[in-house]
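Worksheet for the structure shown next.
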2 protein chains.
Amino acid sequence: MTTSRTKPERGRNALGPALELVHTGRAPTRAVLTTELGVTRATAGAVAGELQTLGLITVDVRPGAAAGSQGRPSHRLTIADDGPVALAVQIHADGFRVALVGLGGRIVATAPACGEVHPDPAVALAEAVAAGAELLRETGRRCVGAGLAVPSAVTEPDGIALNPLHLRWPPGSPVREIFTRCLDEAGVPVTGFCGNDVNLAALAEHRHGAGHGARDLLCVATGHRGVGGALVLDGRLHTGSAGLALEVGHLTVDPAGRPCHCGSRGCLDVETDPMALLEAAGREPGPDGSLLDQACALARSAGPGGGADETVRGATRSLIDRLARGLAGLVNILNPDRIVLGGLHRALLEADPGRLRAGVADHSLWGRSGSVSIVPGTLDHGSLVGAAELAWQPVLDDPPGALRARTPVGT
Amino acid sequence: MTTSRTKPERGRNALGPALELVHTGRAPTRAVLTTELGVTRATAGAVAGELQTLGLITVDVRPGAAAGSQGRPSHRLTIADDGPVALAVQIHADGFRVALVGLGGRIVATAPACGEVHPDPAVALAEAVAAGAELLRETGRRCVGAGLAVPSAVTEPDGIALNPLHLRWPPGSPVREIFTRCLDEAGVPVTGFCGNDVNLAALAEHRHGAGHGARDLLCVATGHRGVGGALVLDGRLHTGSAGLALEVGHLTVDPAGRPCHCGSRGCLDVETDPMALLEAAGREPGPDGSLLDQACALARSAGPGGGADETVRGATRSLIDRLARGLAGLVNILNPDRIVLGGLHRALLEADPGRLRAGVADHSLWGRSGSVSIVPGTLDHGSLVGAAELAWQPVLDDPPGALRARTPVGT
DNA sequence: CCGTTTTGTTCATGGGGGTCACAAAGCGAG
DNA sequence: CTCGCTTTGTGACCCCCATGAACAAAACGG
C-alpha cells in the first residue's frame with residue numbers, strides 16, 4: 001500500500017554546511033560534498049536533492065571537463081540560475097550602489113549608480129531601497145533578505161552607525177531600524193542587516209576573493225579618508241562584543257608623526273590614507289576624480305614602469321614603511337595567516353610588494369617564524385557582496401527554515 | 001527474552017556540553033542542565049547517568065539548601081571526589097609547580113614547590129614530570145592528560161617555545177615533544193599539551209575565575225619582566241593562526257618613552273612591567289623576594305591607605321596612565337567585553353581602579369559607548385589550572401571516547 | 001490530608017544518518 | 001569490442017539517540 005506520508009528527505013542537519021560549500025565554490029560535485037562534509041554518499045545525495053528541490057542549486061549531468069580521469073564522471077552541482085537573490089546596498093561618500101546578489105557572490109543585477117547621498121539617512125535609504133525593489137520587480141526574482149554596507153562603525157546587535165561622518169549623517173543613526181522600515185514601506189518584506197563596509201568587504205573576500213581558505217584573515221583598507229580593518233575567524237566575521245572591533249586607524253606608526261584628531265600623533269589613520277600620500281608627494285587634491293582614485297593613481301605610477309618622479313616615489317616608499325609598521329603591530333596582536341589589502345593600501349602593495357612584505361616581517365616579532373601572506377583584494381564591489389552575505393547567512397545556516405519564512409516578491 | 005546487548009546509555013551527543021556545564025559550575029542540577037542544554041528532562045537525566053557511570057560526577061540526593069522554594073527539590077550534581085585528574089605543570093622564572101587538577105579547576109594535590117629550573121628543558125621537564133608521577137602514585141588517581149604552561153610564545157600546532165629566555169632555555173625548544181617524551185619515560189602514558197602561561201591563565205580565569213561568562217575576554221598580565229596578553233572568544237582560547245597572537249608587549253604607549261629591544265620606543269613591555277615601576281619610583285631591585293613581588297607591594301602601597309610617599313604614588317600613577325593607553329589600543333582592536341588583569345597590572349588596577357578605567361575610556365575610540373569592565377584576576381595559580389584545562393579538553397569534547405583511550409596510573 | 005509545583009524516570013515513537021549492496025558511467029588492457 | 005577496474009549515484013534496511021507523554025516522587029501550603 002502506498003503510504004501518503006511526506007517524503008523522507010534525509011540529510012537535514014548537513015544542509016547548511018553543504019550549501020555553504022557550494023556557495024563558496026568548494027563543492028562542485030556530490031563526491032567532494034561527501035568528503036568535505038564527512039558523510040556517506042547516500043547522505044550527500046539526499047542533501048543535494050533537497051537543495052535542488054529548494055530551488056537553490058541545479059544538477060548538470062555534465063558533458064565534458066573531467067577532472068579526475070578515472071571512474072564514473074560526477075554530476076556538476078551548479079548554483080541555480082533563477083534562484084533567489086539578496087538585496088545589497090552600499091553607501092559611500094560619493095553615492096550609493098544597489099544590486100541583487102545570488103549565491104556564490106554573483107551580482108545578478110545592478111541599479112544605475114547614484115552619485116549623491118541625502119544627508120537624512122531615512123531619505124537616502126528609501127531611495128536606495130526603492131531602486132532595489134525596482135530591480136526585484138524587473139527580474140522577478142525571489143528575495144531572501146537585504147544587507148546594507150555603511151562607512152561607519154556599526155554596533156552589534158542594535159545596528160547603530162556611530163560615525164557616518166563622511167555621509168554627513170548624524171552620529172548614532174539607527175541605520176538597521178531605518179533600513180528595515182524602508183524595506184517594509186517599499187513592499188520588500190525581508191529582514192535588513194547592516195554592517196561596516198570594510199568588515200563586509202573582508203567577509204566577501206574571504207568567501208569569494210583573495211581571502212578564500214584563510215583561517216585567520218585580516219583585511220585593512222582605506223576609503224577616501226581614514227583606514228578601516230576587519231577580521232574573519234573560521235569563516236565568521238569577528239566584530240568584537242559590541243561590533244566595534246578592528247578600529248585599526250589609531251595604531252601608532254610614527255611616534256614623531258603628525259597629530260591626529262584622536263589626541264595622539266602618527267596614527268595609521270593620518271599617516272597612510274589618500275590625503276597623506278598626496279601631501280607627502282606635494283600634490284594638491286585635484287577637483288577631478290575622488291581623493292582615493294588620485295592617490296591610487298599616484299601610488300601606481302610609483303610602481304615598476306610607472307615613471308613617477310623621485311618625490312612621488314619617496315612619498316610612496318614612506319607610506320609603505322608606515323603601513324608596514326601598522327600591519328606588523330596588528331600581526332603581533334592577531335597573528336593572521338593572510339592579510340588582504342584594499343583601497344590605497346592595495347595600490348601601495350602593488351607598487352612595491354617586496355618592500356611592504358619585508359617591512360612587515362622586520363617589524364613584527366615573529367615575522368620570520370609565523371609567515372603571513374599579504375595579498376591585494378580581488379573583488380571590485382566587496383562591500384556590496386559582503387552586504388549580501390549578511391542577508392544570505394540565515395539561509396546558509398538553515399536553508400529550509402529560512403526559505404519557508406520568506407515570501408517571494410516580483411511582479 | 002533478555003537481549004544481551006550493552007545498556008542503551010542514551011544522550012551521547014549532549015555529553016560533552018553537559019560536562020562542560022558541570023565543569024564550569026553552571027549546572028548544579030539536572031533541571032538547569034535541561035534548560036541550559038535545550039533538551040528534554042529525559043535526555044538530561046540520561047546524560048547525567050552516563051556521566052555518573054563514567055565516574056566523572058556524583059549525584060547527591062541532597063539534604064538542605066533549597067534554592068527554589070517550591071516544587072520537588074532537585075538532586076545536586078557534584079564533581080566526583082575520586083574522579084580522574086589532569087597533571088599540570090607550570091614553569092616560571094623562579095622554579096616550577098606541579099599539581100593534579102580535577103574537574104572544575106580544583107587543585108587536588110600539589111607537589112612541593114621547586115625553586116630552580118634546569119637550563120636544559122629535557123632535564124627540567126623530567127624533574128617536573130617525575131614529581132607529577134609521584135603525586136599520581138600517592139593519590140592513586142586516574143590521569144586523563146597532562147598540560148604544561150611555559151613563559152614563552154608557543155607555536156601551534158607543533159608546540160615549540162620560541163623565546164623561553166627567562167628560563168635560559170634555548171629558543172625554539174620543542175617543549176611539547178620533550179614533555180610528551182618525559183611523560184612516556186615516567187610511565188604516565190597520556191598526551192601532553194603545552195601553552196603560553198598567560199594564555200592558559202586567561203583560559204582558567206574564563207572558566208573558573210574573573211572572566212566567567214565573558215563573551216570576548218582579554219587578559220593582560222606581567223610576569224617578572226615584560227607583558228603578556230591573551231584572548232578568549234566564545235570560551236575558546238584565540239591563539240591566532242600559528243599560536244603567536246596577543247603579543248601585546250610592543251604596543252606604543254609613550255612615543256617619547258624609553259627604547260625597547262624591539263627597535264621602537266615606549267613599548268608597553270618596557271613601560272609597565274615591574275622593572276619600570278621600580279625605576280620610576282627610584283628603587284633598586286632588592287635581593288629579597290622577586291621583582292614581581294617587590295613591584296606589586298610598591299603598587300599596593302600607593303593605593304588607598306597604603307601610605308606611600310609622593311614619588312611612589314607618582315610613579316604608580318604614571319604606570320597606570322601608560323597601561324591605560326595600551327589597554328585602550330587593545331580595546332580599539334579587539335573590543336572585548338571584559339578585561340582581566342594579572343601580575344603587576346592587577347596591583348595597579350587595585351591601587352587606583354578609577355584612574356585606570358577612566359584612562360581606558362578616554363583613550364579608546366568608543367570608550368563611552370562600548371563599555372568594557374576591567375577587573376582583577378581571581379585565581380592564584382591560573383596558569384596551572386589553565387594547563388590542566390588543556391589536558392581536560394579532549395574529555396570535555398567527547399567524554400566516553402577520551403576516557404576509553406586512557407589507562408589508569410597509580411600504584 | 002489533599003492540590004500544586006517542580007523534578008526525575010520509564011516507555012514507545014520517530015527522525016536522521018550509517019551500512020550495504022547494486023546500478024551506472026567512463027577508462028584502459030587485451 | 002568486450003571485459004574488468006574504478007569511481008559515482010541510489011535504494012533498502014538498521015541503529016542510535018532525542019523527543020513526547022504519562023507516571024512517580026518530593027517538598028510546600030492551605
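Residue numbers start from 1 in every chain, and the chains themselves are labelled A, B, ... in the order their sequence lines are given, proteins ahead of strands.
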B:Leu51 and its side-chain contact (heavy atoms from CB on, under 4.5 Å) partner, picked from B:Leu56, B:Thr58, B:Val59
B:Leu56
Measure from the side chain of B:Pro73, starting at C-beta and using heavy atoms only, and say which of D:dT19, C:dT19, D:dA27 lies closest.
D:dA27
Tell me the interatomic distance from B:Gln70, atom CD, to C:dT5, atom P, rounded to whole angstroms.
7 Å
With sequence neighbours left out, what residues match B:Asp397 under salt bridge (Lys or Arg N to Asp or Glu O under 4.0 Å)?
B:Arg236
Does OP1 or OP2 of D:dT19 have a side-chain N or O of B:Thr40 closer than 4.0 Å?
yes
B:His75 NE2 to C:dG8 P: how many Å, rounded?
6 Å
Test side-chain hydrogen bond (donor to acceptor under 3.5 Å, both in side chains) applied to A:Arg338 - qualifying residues, sequence neighbours left out
none
Integer-rounded Å distance: C:dA23 P and A:Arg41 CZ
15 Å
Could you check whether B:Ser74 gets within reach of a base, just the sugar-phosphate, or nothing at all, counting any heavy atom under 4.0 Å?
sugar-phosphate
From CD of B:Gln52 over to C1' of C:dG8, roughly how many Å is that when rounded to an integer?
13 Å
Examine C:dT6: is either OP1 or OP2 under 4.0 Å from a nitrogen or oxygen in the side chain of B:Arg30? Give yes or no.
no
Identify the heavy atoms of A:Gly386 and A:Ala204 that sit nearest to each other, and give their distance.
N-CB, 3.6 Å
